[in-house]
Amino acid sequence: MKKLLAILFVAIMIYVVPHLDDWQGQPSSSKPASTTIDYTLEFPADRYPETAKHIREAMASGESKICTIDREEAEENRKESLKDIPTKKGYDRDEWPMAMCKEGGEGADIEYISPSDNRGAGAWVSNQLDTFPDGTRVEFIVK
């Protein structure tokens, strides 16, 4: 029995633990989610501190570190993520995951931040990823 438990423990450590970050607490579909990362993007916290803080906090609360680029759905994702979040004078509503990500949309984490930080960060990310095709899986690391 002890050997069986030891084998089970090792199997869990090898096969389950490495994939916990990808699990979003939702039932799995008929096809498991890909764990492949195509690109790692280091987001500059020193240039966009409010956005960086929001991304870190959203990830810490369970939002995805991965952005699967899906530009076609960005407008719909933005509409869904912001639909119950009122505007606030002098602030933008920052979304994580971003609207351009397949993981974005309904249920995204929203934070009020200054327009200059939000728009600068959005332009920076757009410039970094503009040559990547839809479907590219990007891991965000806040530096």
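Owing to the predicted nature of the structure, the values given are computational and were not obtained by experimental measurement.
- K143 contributes atom NZ, which lies 12.0 Å from atom CG of D46 (distance to the nearest 0.5 angstrom).
- Between the CG atom in D94 and the CD1 atom in I55 there is a gap of 7.0 Å [rounded to 0.5 Å].
- Between F132 and Y39, the ring-plane angle classifies as tilted under the 30° and 60° cut-offs.
- A donor-acceptor pair is defined here as one N or O able to donate and one able to accept, closer than 3.5 Å; such a pair exists between the side chain of R137 and the backbone of T36.
- Listed for the W96 side chain is a donor-acceptor partner under 3.5 Å among the backbone atoms of S64.
- D117 places a side-chain N or O within 3.5 Å of a backbone atom of E50 that can act as its donor or acceptor partner.
- Atom OG1 in T136 sits 4.5 Å away from atom CD1 in I69 (nearest 0.5 Å).
- Both M59 and L129 belong to a single network of hydrophobic side chains, linked directly or stepwise wherever heavy atoms of I, L, V, M, F, W or Y lie under 4.5 Å apart.
- A distance-only check finds no donor-acceptor pair linking the side chain of E139 to the backbone of K65 [under 3.5 Å].
- When side chains are defined from C-beta on, I85 counts as touching Y112, because their heavy atoms get closer than 4.5 Å.
- Note: the hydrophobic cluster containing V142 does not contain I113 (ILVMFWY, side chain heavy atoms under 4.5 Å, direct or indirect links).
- Of all the heavy atoms in F140 and C67, the pair that sits closest is CE1-CB, 3.7 Å.
- Counting non-hydrogen atoms of neighbouring residues, nucleotides and ligands closer than 6.0 angstrom, the CD atom of Q128 exceeds 12 such neighbours.
- Closest of all the heavy-atom pairs between A108 and S81 is CB-CB, 3.8 Å.
- Classified by interplanar angle (parallel below 30°, tilted 30° to 60°, perpendicular above 60°), the ring pair W124/F43 is perpendicular.
- To the nearest 0.5 Å, atom CE of residue M98 and atom CD of residue E103 are 9.5 Å apart.
- Looking at E76 and K79, their side chains come closer than 4.5 Å, going by heavy atoms from C-beta outward.
- The CD atom of E95 sits 11.0 Å away from atom CD of E63, with the distance rounded to the nearest 0.5 Å.
- Here the closest heavy-atom approach between residue T68 and residue G135 is recorded as CG2-O, 3.8 Å.
- For the side-chain hydrogen bond (donor to acceptor under 3.5 Å, both in side chains) test with R71, the passing option among D134, D130, N77 is D134; the others fail.
- With rounding to the nearest 0.5 angstrom, the OG atom of S114 is 11.5 Å from the OH atom of Y48.
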